[in-house]
Amino acid sequence: MKGKLLFLAVSACFSIMLCRFHFQPLIIIATIAFLIFFLIKNERSLFLLSIATILLFIGIFSLTERHNQSSLNEGSYTTIGLISSIPSIDGNQFKGYLENGSGEKLIFYYKIKSLAEKEALKKINPGTYCRFKGELVVPKSPTMPNAFDYKQYLYDHHIHWQYFVEEIGNCKSEKMDLLLILIEIRKNGLNFIEEHFPSSSVGIVQALLFGEIDLLEQDVETAYQELGIVHLLAISGSHVTLLVSGIYFLFIYFGVTHEKTRIVFIVLLPVYMILTGASPSVIRACFMAIVYFLLKLFKIRNSTLDVISFTFLVLLAMNPYYLFQVGFQLSYAVTFGLLLSYRIVEHFASWLTKLTVVSAIAQLCSLPLLLFHFYEVSLISLPMNMVFVPLYSFIVLPGAIITTVITAVSSSIGAYLITVFSDLLLQTHKFVLFASAIPHTMLTTGKLPIFTLIVLIISIIYLFVRFEQRQSINYLYRPAVYLIVVFLIQAMTPFFQPSGKVLVIDVGQGDSIFIQRPFNKGNYLIDTGGRISFPQEEWEERRSTFSIAKNVTVPYFKSIGVTKLDALFLTHGDLDHVGEVLSLLEEVKVKELIIPKGFVRGELERKIMQVAERKRVKITTVQAGDQLTFQNHSFFVVSPVDLTESKNDDSLVLWTEIGGLQWLLTGDAEMDAEKKIVKNYPSLKADVVKVGHHGSKGSTSEELLDHVKPKIALVSAGLNNRYQHPHPDVLDKLVARNISLFRTDLDGAILYHFKGEAGTFSTYPPYDKVNKERKQKRKRLDQPQA
């Protein structure tokens, strides 16, 4: 059987997944089926080798886990630390990685206090020892369903703590080893590009030459991601291949022998790996080239498939956690797919057809991973790759290299070339931004069930096999239909989903509640959350800012397949309730905007109205006594009654029935508004109350609680918020009435999942998965109230 190393690579994958996912039955069954395949094919030697590989990698993973431990404790911590990588400065934040005296790696954050200090910190290089004083904090687990697990990400990089530094001092550089010298050279190269190139192109040049994306303009990077060509902004295998091929040709052209050229590459490729940031795709490409040159030197014949399989096994043996990095997965999936499909490509004579086929194969190989991790794919990714891969490979990448080298030699000539090159990039960015703005070009599937994902992978493999066997597009009809059916089933699933949900989104110190009705009959969002910002000097402002809409809400919507909202309710104009509306309107289609009477009271509210009108969103103004009905489901407005000077008291308050429960959603309404509600609605009852104003002392009166008689209370507040919400007095009122309490600051997102008239409350992570640190935090905060 050909490609034996490929089967051993698959065996390694099974063993690592078995360990990571605690020997789940589905993975055990898949592993056994994989081994039985060899017995059926009468490949007993490969069967035994696969078992040996599985046992070997189980041992490697177990050993890696045993050594991936921390000896530190949470709380105050002072250390002499070695800055082990290039630290970054963004506005008033100094961030990087350090190693303490025992070699444990920490990620640190430091808030810069002055412009002078910022300039001093820019001079700190990798290899510098400093005295750090601050606090160790356990990285936060995801508090939203399907969210990126930053804690797991850090763990896979052998990092167990976030170090919030208060003081940095006594910095001194000592003798550096070769690794740190190379990292410092990389930093100097990045600084050179930043000093000479304009802001519109500096991010691209740094990305192409050194694999650094920190200075990429956010809107440009987002557009490249949406079009499925973001891989061009990182140093990929194709970039390494072009560079190696070009330099190899030059060496031979100037008379260097093949043997000496290969030795040079074997020595220099590890250096290049470090200079470019050692991303998974670069490591794979460089390692594969090194193995290839070694085989040529020792005149050992082997297939390219065996070479890449060997590199795959070696890298996983060095670090089994590589398997869970998206870049590693995509790099090897596409490369394996192209190697296994070379006969399909060779079937065509035209270079344009070959380019189309290669791009299509790469797209199909990456499709399951893109949908698994990001829940969407661009429908115009194929033509965009066909245009931009040659453009970047033969114009932009060589242009970046030549321009940078000439600028280093002659700044006057380089300045002219930089202008020409930057103009080219500017036009490229304009086209990318235009293409990304074309409507209906993104297919959002939501999180694929495991069964659907497996069927998708099998359908893609069947398509490749069918074409390779028949070598005619006519024979692709059946597998293509299978692929289309998979997507149609996934697209139609929401219309047959009998359950719905109410989710209190964890937006920190703010409010945002999402309601999804069964059978795709409506998606509604009440407020968006928002972060309160304070005036800053220009040097303090950061390039990359955190957006709740773009980083929390929209990714969640994509994970459940939601691309539009039937209604967006805005309770009032405070920033912590509507601060993300503008970002949300750019990302999600909103059919109707519901606002209370007297909503517009400031510049932010006026801007929201302007953008909504520009996007042709229907705007509806309501007040107490109004009823809003969407496909037989009604929301009743119980406030505001009369306008006052208080935004909070004039909040939109809604009453509705969902999943067999009555809900009172109060916004930031305070006690004066609550008195009016009690007076105007004498028979008002609710099973669930969203506690007003994040649990402030001025809301949630005893009068309201006794009148409404809720069984469950929901509090949306940020962990350790400056206002100390929810207030102990409010918590005491709830405890005295035996009202069950859920709060986002301790529990994360709060989910009510229902079917018909019955449902269940849970938090994210669910109670049985809440980590030990969160339980201890809850205990510490609850003790003073007892």
Pair listing, ring pair (Phe, Tyr, Trp, His ring centres under 6.0 Å) test, anchored in residues 571-595, at least two apart: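 Sorted pair list: His572-His577, His577-His694.
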
Between [X] and [Y], is there a donor-acceptor pair closer than 3.5 Å when you use the side chain of the first and the backbone of the second?
{"X": "Lys676", "Y": "Val641", "result": "no"}
{"X": "Arg743", "Y": "Gly695", "result": "no"}
{"X": "Thr621", "Y": "Ile595", "result": "no"}
{"X": "Asp687", "Y": "Gln662", "result": "yes"}
{"X": "Glu580", "Y": "Ala549", "result": "yes"}
{"X": "His707", "Y": "Tyr681", "result": "yes"}
{"X": "Thr222", "Y": "Gln218", "result": "yes"}
{"X": "Asp527", "Y": "Gly529", "result": "no"}
{"X": "Trp161", "Y": "Phe108", "result": "no"}
{"X": "Thr744", "Y": "Ala749", "result": "no"}

Classify the ring geometry of [X] against [Y]: parallel below 30°, tilted from 30° to 60°, perpendicular beyond 60°.
{"X": "His429", "Y": "Tyr224", "answer": "perpendicular"}
{"X": "Tyr163", "Y": "Phe132", "answer": "tilted"}
{"X": "Phe761", "Y": "Trp663", "answer": "tilted"}
{"X": "Tyr524", "Y": "Phe630", "answer": "tilted"}

Heavy-atom check, side chain of [X] versus side chain of [Y], under 4.5 Å:
{"X": "Tyr150", "Y": "Gln162", "result": "yes"}
{"X": "Asn92", "Y": "Glu537", "result": "no"}
{"X": "Val432", "Y": "Val220", "result": "no"}
{"X": "Glu221", "Y": "Gln225", "result": "yes"}

State, without any angle test, whether [X] and [Y] hold a side-chain donor-acceptor pair at a distance under 3.5 Å.
{"X": "Glu117", "Y": "Tyr110", "result": "yes"}
{"X": "Asp576", "Y": "Gln509", "result": "no"}
{"X": "Asn146", "Y": "Ser559", "result": "yes"}
{"X": "Thr656", "Y": "His633", "result": "yes"}
{"X": "Thr528", "Y": "Ser512", "result": "no"}

Positive for side-chain contact (heavy atoms from CB on, under 4.5 Å) with Ile505, one of Thr143, Leu525, Ile548, Leu751: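 Result for side-chain contact (heavy atoms from CB on, under 4.5 Å) with Ile505: Leu525.
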
Could you measure the distance from the [atom1] atom of [X] to the [atom2] atom of [Y]? Nearest 0.5 Å is fine.
{"X": "Leu746", "Y": "Thr763", "atom1": "CG", "atom2": "OG1", "value": "10.0 Å"}
{"X": "Ile560", "Y": "Thr444", "atom1": "CD1", "atom2": "OG1", "value": "11.5 Å"}
{"X": "Tyr155", "Y": "His160", "atom1": "OH", "atom2": "NE2", "value": "6.5 Å"}
{"X": "Asn551", "Y": "Phe148", "atom1": "CG", "atom2": "CZ", "value": "11.5 Å"}
{"X": "Ser436", "Y": "Asp219", "atom1": "OG", "atom2": "CG", "value": "8.5 Å"}
{"X": "Gln206", "Y": "Glu212", "atom1": "CD", "atom2": "CD", "value": "6.5 Å"}

From CA spacing to verdict: salt bridge (charged side-chain N to carboxylate O under 4.0 Å, His left out), Asp650, Arg601: CA-CA 11 Å; Asp650 294 342; Arg601 302 191 184 193; 2.4 Å; yes

More than 12 heavy atoms from other groups under 6.0 Å of [atom1] on [X]:
{"X": "Glu119", "atom1": "CD", "answer": "yes"}
{"X": "Gln627", "atom1": "CD", "answer": "yes"}
{"X": "Lys597", "atom1": "NZ", "answer": "yes"}
{"X": "Lys111", "atom1": "NZ", "answer": "no"}
{"X": "Tyr153", "atom1": "OH", "answer": "no"}
{"X": "Phe546", "atom1": "CZ", "answer": "yes"}
{"X": "Lys618", "atom1": "NZ", "answer": "no"}
{"X": "Lys118", "atom1": "NZ", "answer": "yes"}

Side chain to side chain contact (heavy atoms under 4.5 Å, CB included) evaluation trace for Leu705 with Leu734: CA-CA 8 Å; Leu705 294 175; Leu734 300 175; 4.1 Å; yes

Derivation and outcome, side chain to side chain contact (heavy atoms under 4.5 Å, CB included), residues Glu226 and Thr441: CA-CA 9 Å; Glu226 291 176 349; Thr441 57; over 6 Å; no

Pair [X] + [Y], salt bridge at N-O below 4.0 Å:
{"X": "Lys690", "Y": "Asp511", "result": "yes"}
{"X": "Arg542", "Y": "Asp90", "result": "no"}
{"X": "Asp706", "Y": "Arg737", "result": "yes"}

Closest heavy-atom contact between [X] and [Y]?
{"X": "Pro87", "Y": "Phe94", "result": "CB-CE1, 3.5 Å"}
{"X": "Ser200", "Y": "Glu217", "result": "CA-OE2, 3.8 Å"}
{"X": "Pro710", "Y": "Ile739", "result": "O-CG1, 3.5 Å"}
{"X": "Ile526", "Y": "Leu665", "result": "CD1-CD1, 3.3 Å"}
{"X": "Leu664", "Y": "Leu704", "result": "CD2-CD1, 4.4 Å"}
{"X": "Asp574", "Y": "Asn648", "result": "OD2-OD1, 3.0 Å"}

Side chain to side chain contact (heavy atoms under 4.5 Å, CB included) assessment of Ile619 paired with Glu613: CA-CA 8 Å; Ile619 301 174; Glu613 289 171 358; 3.8 Å; yes

Worked check of side chain to side chain contact (heavy atoms under 4.5 Å, CB included) between Leu565 and Phe557: CA-CA 10 Å; Leu565 293 172; Phe557 284 168; 4.1 Å; yes

For Asp506, all residues meeting salt bridge (charged side-chain N to carboxylate O under 4.0 Å, His left out), sequence neighbours excluded: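 Testing Asp506 for salt bridge (charged side-chain N to carboxylate O under 4.0 Å, His left out), a comparison that skips the adjacent residues, returns Lys140.
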
Residue pairs passing the side chain to side chain donor-acceptor pair (under 3.5 Å) test where at least one lies in residues 582-592, sequence neighbours excluded: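 Side chain to side chain donor-acceptor pair (under 3.5 Å) check on residues 582-592 returns Glu592-Thr620.
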
